[in-house]
Amino acid sequence: MKRSLFFLFIMGLLFSACLKDSVTEHYYFFRPVYHTKDEVRNNIKSGAPVSIQQTGKIVVKDNFVFLNEIDRGIHVINIADPAKPVNIAFIEIPGCVDIAINGVNLYADCYTDLVTLDISNPAMVSVKQFLPGVFPQRYYYGFTADTTKVITEWVMVDTVIDKKFEGTFAASGLLTTAFLSGPVANIGAQSFAVSSSGIAIAGSLTRFALQNNRMYTVSNSDLKVFNVTAPASPSFVSTIALTQGNIETIFPYKDKLFIGGQTGMFIYSASNPDNPQKEGQFIHARNCDPVIAEDKYAYVTLSTGSSCRGINNQLDVIDITNLNNPVLIKSYNLTSPRGLSKDGNVLLICDGKDGLKIFNAANPSQVSLIKQVTGFEPSDVICLQGTAITVAKDGLYFIDYSNPNNASVISKIQINKN
C-alpha cells in the first residue's frame, strides 16, 4: 500500500485558563511531487534559467560557474565578464548535492546515482551515463527507497482549521511536528589554469575530487573510488572505510588526498590510485574542517558551526613536510570561518558575518590581514585570476582582489527565496 510523504507543522499560542471556545490551528503541509525515474532522467538537460533559491557547492570551468542548488540541480552562469555575470541555464537534477568537472564531462549525484553529463555546450547539456546505487547513503531523508519514483520537489500547502475546544491550558508557545513516512525514490590548493582540456576549479567544501584519472568522493564515513579514464563513462572501483567518521571535505594535491573531518585533517596517499592508504593525520577538537594544501603547508579552518559543536574559530597552518607527522605552525583567531582559497601569497577565507577576509600568507608563521570585504556572509570561495567567486547566504558575489588592498564587490547574483 502506498502512502504519501509529508511534513506537518502545527503552530499556536496557548494561555493558562479554562476555555470553552473555538481554536484555530495553522498547518503547513510539505507535499512531495513524484516523477518516474525515466521522467527524471529524460528531463536532465539545460533548461531556461531560474532564480537561485539556495546556494550549494560551486565549480568553475572556462567562463562558466556551475552552482549547485541542493537537491534541485545546477545553475549555469556565464562569467566572461565577472562584473556582469549572466544566469544562462538550469539543469534539473533531483537529489544533487555535489559536482565535479572533468574536461567536457560533469559528474553529479542524483540521490543514490552518479550521473555524467556532456557540458561541451553548457547551454545544451546531455546525459552520457547513469551509475545506479553508488551512493546508498543518499536515500532521501533516510527513508526506504521506492524503486519506481523520484521526489523532484516539495510543495508547501498552507491550511487553517477551526475547532471547538474545551479544556485547560498551560501558558506556552507550541510547535509540534508530525512526520508521516512513505515511499521515497532511489534513482538509483586549487589549480588556476582553466582550459578546455579539462582543468576545473572546485570550492573547498567539495566532497568530489579528481586526480590521476580517478574521481574520489567522500561521505560521512567512506571514500569511494571511480575510474574516469574514459571520462564519459566512469566506473565504480571500490569503497574504503573512513573509520574517523564525520568526514566533510576532500582536497587533492599531487598524489595525496587531504580529507577534512570534524575531528581532524587526514592525509591519504593515492600512489596506488585505486586503493588510497592513510599516511598521516592532524587531530583537533571537534570542528567543521575545510582544508587546502600547497607545497609544504596545509591550511585548515575550524568553526563552531551548529552542526560541528566545536570550541574554536581559527585558521591552522600546518607543516606537512613529513606527511606521517604533520606539525602545527601557528593558529590565527577568526570569527566563524568556512571555505578558503589561495592564489600565490594571497589567502582568502570566508569568515561568517565578518565577510571575506584577504590575507598575506607569504610567511605561513606570520599570516596578516590585508583587507576585509563585509556586508555578506560567505561560505565558500574560489580564486580566479584576481576575481574571487564567493558563495553566500544571499547570493553569489564576485570580488575583485587583483589589488588586495582595494578589494571590493563588483557584482552579485541575488538569491530569491520563495
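All heavy atoms count here, side chains included; hydrogens, waters and symmetry mates do not.
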Within the structure provided, determine whether [X] and [Y] are in side-chain contact (heavy-atom separation under 4.5 Å).
X      : Y      : result
Glu279 : Tyr268 : no
Arg338 : Thr301 : no
Gln281 : Ile283 : yes
Leu114 : Asp109 : no
Leu356 : Lys371 : no
Asp98  : Thr217 : no
Pro234 : Thr116 : yes
Cys350 : Ser379 : no

Between [X] (side chain only) and [Y] (backbone N and O only), is there a donor and an acceptor less than 3.5 Å apart?
X      : Y      : result
Tyr332 : Gln366 : yes
Ser204 : Pro290 : no
Asn212 : Arg214 : no

Flag yes if more than 12 heavy atoms outside Lys128 fall under 6.0 Å of its NZ atom; otherwise flag no.
no

Is the NZ or CZ atom of Arg207 positioned over Tyr216's six-membered ring, under 6.0 angstrom from the centre and within 45° of the axis?
no

Between Glu377 and Lys393, is there a salt bridge with N-O shorter than 4.0 Å?
yes

With Asp118, which residues qualify under salt bridge (Lys or Arg N to Asp or Glu O under 4.0 Å), at least two apart?
none

Taking atom types as modelled, is there a side-chain donor on [X] or [Y] under 3.5 Å from an acceptor on the other?
X      : Y      : answer
Gln314 : Ser331 : yes
Thr239 : Lys224 : yes
Asn246 : Gln244 : no
Asp319 : Tyr297 : no

What's the verdict on side-chain hydrogen bond (donor to acceptor under 3.5 Å, both in side chains) for Tyr401 and Asp343, showing C-alpha distance, side-chain angles and the deciding distance?
CA-CA 10 Å; Tyr401 70 93; Asp343 182 359; 2.6 Å; yes

Angle between ring planes, Phe258 versus Tyr253, binned at 30° and 60°: parallel, tilted or perpendicular?
tilted

